[in-house]
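Here is the structure we will look at.
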Amino acid sequence: MVPLSWYVVLGAILFVVGAAGVLVRRNLLIVLMSFELMLNSVTVNLVSFSDVLGDLRGQIIAIFVIAIAASEVAIALGILVALVRNKATLEVDKITIMKG
Amino acid sequence: MEKAFFLLFAAMAIGSGLMVVMARNPIHSALALMVCFAQVAAVFVLLGSPFLAAIQIFVYVGAVMVLFLFVIMMLEVRKEARARFLETGTVPTLAVVVLLGGGMLAQLLASERLSALSFGAERGSAGTLEDLSKALFIDYLFPFEVVSVILLVALVGAIVLARTEAE
């Protein structure tokens, strides 16, 4: 029997790895992918609590999180494509057009 | 037995997650992320929700990551793949992230409420797929419809954003 804390720790580790990717990497695609990793860690947490408490709401919230994450990826990649078309770079450091 | 499976899936998920963050080529990152999502789907099966495991594979691996791969292959990423990894400001950022992770883990492992919760009698009583679908379509019908509209808006928005200006 796996203790619940193992699942939550897995969620926490995935979250931190995703956060490291978002903060450290310069390539916008890798940043977006690390963000998806963070969202996945949240769903792991939700489903594990749903199982331990016998409550369906965790799974339902996880379904909504997955749906929202998918739509967010679509928009983010659309923005990325428009950005590359206008500025021809994928580095987050070079996107400073709104800098004061 | 379940512990062995969980440790296998968790180790592969964390390992491929680290590959996502550390790989130089974005295609390697995308494939590592697909592996990570598959491991998370396996963890969902261990947690007694095969429906969510199937949704995870369908939506994340099958749609989101394929979309990422389309975009990666569409854009010219060979220049970026050779970019220097350790830019200035990476080490303090990593220190902050390690601090965050250490803090989270310390608090999780020291919490009595978390250790008090364990997979006891209520395990598996979350409900069958029938109960889940009834809850989704009866109790949570409004959020479901809102999510449908959000997906439609995202679809239209992505088309508008990615379209070239027709002069």
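Letters A, B, ... mirror the listed sequences (proteins, then strands); counts begin at 1.
- At a 4.5 Å heavy-atom cutoff, S41(A) makes no contact with chain B through either its backbone or its side chain.
- Using a 4.5 Å cut-off between heavy atoms, I159(B) does not touch chain A at all.
- Comparing S49(B), G48(B), A158(B) by heavy-atom pairs within less than 4.5 Å of chain A, the highest count is held by S49(B).
- Nearest heavy atom pair, residue A53(B) against residue V45(B), reads CB-CG2, 3.5 Å.
- With respect to chain A, the highest number of heavy-atom pairs below 4.5 Å among V20(B), L52(B), L151(B) belongs to L52(B).
- L18(B) and V98(B) fall into different hydrophobic clusters, where Ile, Leu, Val, Met, Phe, Trp and Tyr side chains are chained together by heavy-atom contacts under 4.5 Å.
- When the candidates V47(A), V81(A), L23(A) are compared by the number of heavy-atom contacts under 4.5 Å with chain B, V47(A) comes out ahead.
- Heavy atoms closer than 4.5 Å to chain A are found in both the backbone and the side chain of F68(B).
- Counting heavy-atom pairs under 4.5 Å between each of S48(A), A82(A), S34(A), G58(A) and chain B puts S48(A) at the top.
- Note that the CD1 atom of I14(B) and the CD1 atom of I13(A) stand 4.0 Å from one another [nearest 0.5 Å].
- When each of L80(A), V31(A), I63(A) is scored by its heavy-atom pairs under 4.5 Å with chain B, the top score falls to I63(A).
- The environment of CD in E130(B) is sparse: at most 12 heavy-atom neighbours from other residues, nucleotides or ligands sit within 6.0 Å.
- Atom CG of residue L33(B) and atom SG of residue C36(B) lie 6.0 Å apart, to the nearest 0.5 angstrom.
- Only the side chain of F51(B) comes within less than 4.5 Å of a heavy atom of chain A; its backbone N, CA, C and O stay farther away.
- Checked by atom type and distance alone, the side chain of S133(B) pairs as donor or acceptor with a backbone atom of L129(B) at under 3.5 Å.
- Of the listed residues V153(B), I55(B), L105(B), the one with more heavy-atom pairs under 4.5 angstrom with chain A than any other is L105(B).
- Atom CG of L32(A) sits about 7.0 Å away from atom CD of E72(A), to the nearest 0.5 Å.
- For chain B, the option among I68(A), D55(A), V9(A) with the highest count of heavy-atom pairs below 4.5 Å is V9(A).
- Residues Y60(B) and M12(B) share a single hydrophobic cluster, defined by chaining ILVMFWY side chains whose heavy atoms lie under 4.5 Å apart.
- Contact annotation for S29(B): both backbone and side-chain heavy atoms come within less than 4.5 Å of a heavy atom of chain A.
- Rounded to the nearest 0.5 angstrom, L29(A) CG and L75(B) CG are separated by 6.5 Å.
- Both the backbone and the side chain of I75(A) have a heavy atom closer than 4.5 Å to some heavy atom of chain B.
- What you find for A23(B) and H28(B) is that their closest heavy atoms are CB-CB, 3.8 Å.
- In this structure, the portions of L67(B) lying under 4.5 Å from any heavy atom of chain A include both its backbone and its side chain.
- Contact count versus chain A (heavy atoms, under 4.5 Å) is highest, among A63(B), A30(B), A32(B), for A30(B).
- Interface remark: M1(B) contributes no atoms to any contact with chain A (heavy atom separation under 4.5 Å).
- Among I150(B), L136(B), L132(B), the residue making the largest number of heavy-atom pairs under 4.5 Å with chain A is L132(B).
- Ranking I66(A), N40(A), V22(A), L77(A) against chain B, the residue ahead of the rest is N40(A), based on heavy-atom pairs under 4.5 Å.
- In this structure, Q59(A) CD and D131(B) CG are separated by 10.0 Å, a value rounded to the nearest 0.5 Å.
- Note: Y140(B) and F64(A) have perpendicular aromatic rings, judged against thresholds of 30 and 60 degrees for the angle between ring planes.
- Contact tally against chain B (heavy-atom pairs below 4.5 Å) for F49(A), F15(A), W6(A): the top residue is W6(A).
- Most heavy-atom pairs under 4.5 Å with chain A, from the set V59(B), L109(B), L100(B), L47(B): that is L47(B).
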